[in-house]
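Sequence positions, counted from 1, serve as the residue numbers for this chain.
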Amino acid sequence: MKKKEISIYYLITIIFFIFIYIIQPIIENHIKIITIVSILLVVGIYYAVKQIKKLRINYKDIVLIIMILGILIRVMYIIYTPITERQHDVYSINDQGHLGYIYTIYQTGKLPDTNSIQFYHPPLFHLIAAGWLKVNDLFNVGLDRSIEGIQIITAIFSSLIMLVAYRIVEKIEIRNIYKILIMAVMAFHPTFIILAGSINNDVLMILLSFYIILYLIKWNDDPNIKNTIILAIITGCAVMTKVSGAIMAVPIMYTFIKRIFEVYKVEKKNLLRLLGKFLLFGVISLPLGLWHPMRNLIMFNQKIGWVLLPAEGLYVGQYSIFERFLSISFKELFGYTYCAIPGDHNIFSYIVKTSILGEFTYNNGIGVYVSLFKIINLIIISMTIICIFILLKKIKKNNNNSFITEILLITFFINIVSYYNFNIQYPYICTMDFRYIVPTIFTGIVAVCVVLDEFIKNDIIKELIEYMIILFCILSFTFFFII
């Protein structure tokens, strides 16, 4: 994808969401019907144009359609979902949740003078959202509507994750059918759609993590000053969004150390220049990422990396290591439709549920549908774990994609290690939420598709896995029409 095309896609996506925001009062009462009609029109018109011009539909056409449908699903979701539903730690403008954080910056033009509740977080997302409210003021938009409209920003971020994922996928040498499957998962996975309406800092941090992966690949191909600066800015901004963004330092360090050894073997005289780039990276990324934690350390004696302890009623530390981490509770998974808070304590069962449902409840009339969805998700997750270990074993044979595969595997494992460590340090039900390891969706599905393309020779097994992924995407796509 050329730079000009990338810029056009980004611009069109942003303009489209702004347009939706303007016409929202007209379409919101019939949004599901309008979305279905829009989907039929998009697919029908695209197919008709191809037929008229006598052009074959190629995989890029299919990917484009998939991404358009992904954007339409996100639009539909944020319009019928108010900011009072399916949120994490948002609360009201008068409380010290994420919305209060945004409102404080909007009202005062400065950061909160306390680190209480959610005010301890780094402020990048909240600054952007407060800026959105200020822009709305310029057009005399009412405060209630502009606050509701913060979902436009989060939906844009969620949609951009798709576009960045596509840019990464384009660098992976696998057959087009697998690129399509990866993009279908990225477009329709429920987590990304729920995040589109979540007005906290999660979705921006996830987007920036994807950008870090992309620019690590670009930097590895060409470690010039420009790529170094961009990578440093993105990394600093990820930590300025959420301190947990710092875990992406691990794949970055791996890439840098790997390059040191490569340069040392071939051209030692360039080592000093390379170290200069590392210094440039640190000079940019460290102040960007650490200024707010240092501010909180100085002003409030808040330790770097500190997190707010959840309510005592969510504590699950009384359960054994086996019950929490080393087994799967099918009772928790299928004994009731949605998450039981408090009640659940088995981490694997919770991952299976929250990776498609979040920590939320939906229409109780779709229990059978949700049970099927959970079964398929359990199979997909189990399959992903198997493919991850196959790829680990055969990574040296994966010559064409070896660096990208290594970076994605490191990202996968550092997310998992960080997640388990988080749950050991803070044994609460809310810390088990899948939203803390969302990048594993992408790293996992890429691992599955690389293994299918390169290492599995049995056609029956390949087709079964492919159809399972397709079924998962269909269930995901239809889920948001029936809740």
Side-chain angles (χ1 to χ4, degrees), residues 1 56-67 162 165-189 210 213-214 216-217 220-221 251 254 258 328 348 351-352 355-356 372-416 437 439-477:
M1 189 185 290
R56 292 183 63 184
I57 296 177
N58 59 40
Y59 102 91
K60 287 193 175 181
D61 295 322
I62 297 171
V63 168
L64 180 60
I65 292 293
I66 285 170
M67 288 197 289
M162 270 194 303
Y166 175 67
R167 292 175 67 185
I168 298 170
V169 167
E170 279 291 87
K171 295 178 179 294
I172 304 171
E173 294 184 23
I174 53 175
R175 279 182 288 171
N176 292 338
I177 178 62
Y178 296 115
K179 293 182 179 181
I180 291 170
L181 289 179
I182 292 168
M183 290 313 302
V185 170
M186 295 305 295
F188 306 135
H189 198 289
F210 274 75
I213 294 170
L214 174 64
L216 270 179
I217 297 168
N220 184 68
D221 293 339
Y254 171 80
K258 179 174 176 286
I328 177 168
F348 193 76
I351 286 173
V352 174
S355 60
I356 54 173
L372 174 61
F373 202 179
K374 284 190 283 190
I375 291 169
I376 299 302
N377 193 39
L378 175 61
I379 294 170
I380 295 282
I381 291 172
S382 303
M383 197 169 62
T384 299
I385 294 169
I386 293 168
C387 288
I388 287 284
F389 284 101
I390 291 173
L391 201 52
L392 276 173
K393 185 179 178 181
K394 296 181 178 289
I395 194 166
K396 295 303 179 186
K397 297 179 183 179
N398 182 233
N399 294 323
N400 293 334
N401 298 314
S402 57
F403 174 74
I404 300 175
T405 303
E406 288 166 6
I407 289 300
L408 293 179
L409 285 174
I410 290 168
T411 302
F412 179 90
F413 280 108
I414 194 58
N415 269 271
I416 296 297
I437 51 169
T440 60
I441 296 172
F442 180 67
T443 53
I445 191 60
V446 169
V448 170
C449 288
V450 169
V451 168
L452 286 176
D453 190 47
E454 297 188 11
F455 303 120
I456 294 181
K457 305 303 179 185
N458 187 303
D459 289 338
I460 294 175
I461 293 175
K462 289 174 82 157
E463 286 183 11
L464 280 173
I465 295 173
E466 289 164 11
Y467 287 133
M468 198 65 65
I469 295 170
I470 292 168
L471 177 58
F472 176 85
C473 291
I474 291 170
L475 289 170
S476 300
F477 181 78

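Residues I456 and I465 have side chains in contact (heavy-atom distance under 4.5 Å, counting atoms from C-beta outward). Under the 4.5 Å side-chain criterion, counting only non-hydrogen atoms from C-beta, M183 is not in contact with I62. Proximity of I469 to F472: side-chain heavy atoms (C-beta onward) are nowhere separated by under 4.5 Å. I182 has its side chain within reach of F442: a pair of non-hydrogen atoms, C-beta onward, lies under 4.5 Å apart. Inter-residue side-chain proximity for M162 and F210 is flagged as unmet; no heavy-atom pair is nearer than 4.5 Å. Contact check for M186 versus M67: no side-chain heavy atoms found under the 4.5 Å cut-off.
Looking at every heavy atom in both residues, S476 comes nearest to F188 through CB-O, 2.9 Å. The shortest heavy-atom contact between T443 and L408 is CG2-O, 3.3 Å. Closest heavy-atom contact between K171 and I404: O-CD1, 3.1 Å.
Of the possible donor and acceptor atoms, one in the side chain of N377 sits under 3.5 Å from a partner among the backbone N and O of V352. When atom types are taken as modelled, the side chain of N220 and the backbone of L216 share no donor-acceptor pair closer than 3.5 angstrom. In terms of modelled atom types and a separation under 3.5 Å, the side chain of D61 and the main chain of N58 share a donor-acceptor contact.
Going from atom CD1 of I414 over to atom OG1 of T440 covers 13.0 Å, rounded to the nearest 0.5 Å. How far CD1 of I351 is from CD1 of I328: 9.5 Å, rounded to the nearest 0.5 Å. Between the CD atom of E454 and the OG1 atom of T405 there is a distance of 7.0 Å, given to the nearest 0.5 Å. S355 contributes atom OG, which lies 5.5 Å from atom NE2 of H189 (distance to the nearest 0.5 angstrom).
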Which atom pairs, one a donor and one an acceptor, fall under 3.5 Å between side chains of residues 379-390 and the rest of the protein, sequence neighbours left out?
| unit_1 | atom_1 | unit_2 | atom_2 | d |
| --- | --- | --- | --- | --- |
| S382 | OG | L378 | O | 2.8 |
| T384 | OG1 | I380 | O | 2.8 |

Audit row: I445, L181, side chain to side chain contact (heavy atoms under 4.5 Å, CB included) steps and yes/no: CA-CA 8 Å; I445 191 60; L181 289 179; 5.7 Å; no
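For E466, the side chain to side chain donor-acceptor pair (under 3.5 Å) partners two or more places apart in sequence, or in a different chain, are Y178. Contacts of K258 classified as side chain to side chain donor-acceptor pair (under 3.5 Å), with partners at least two apart in sequence or in another chain: E262.
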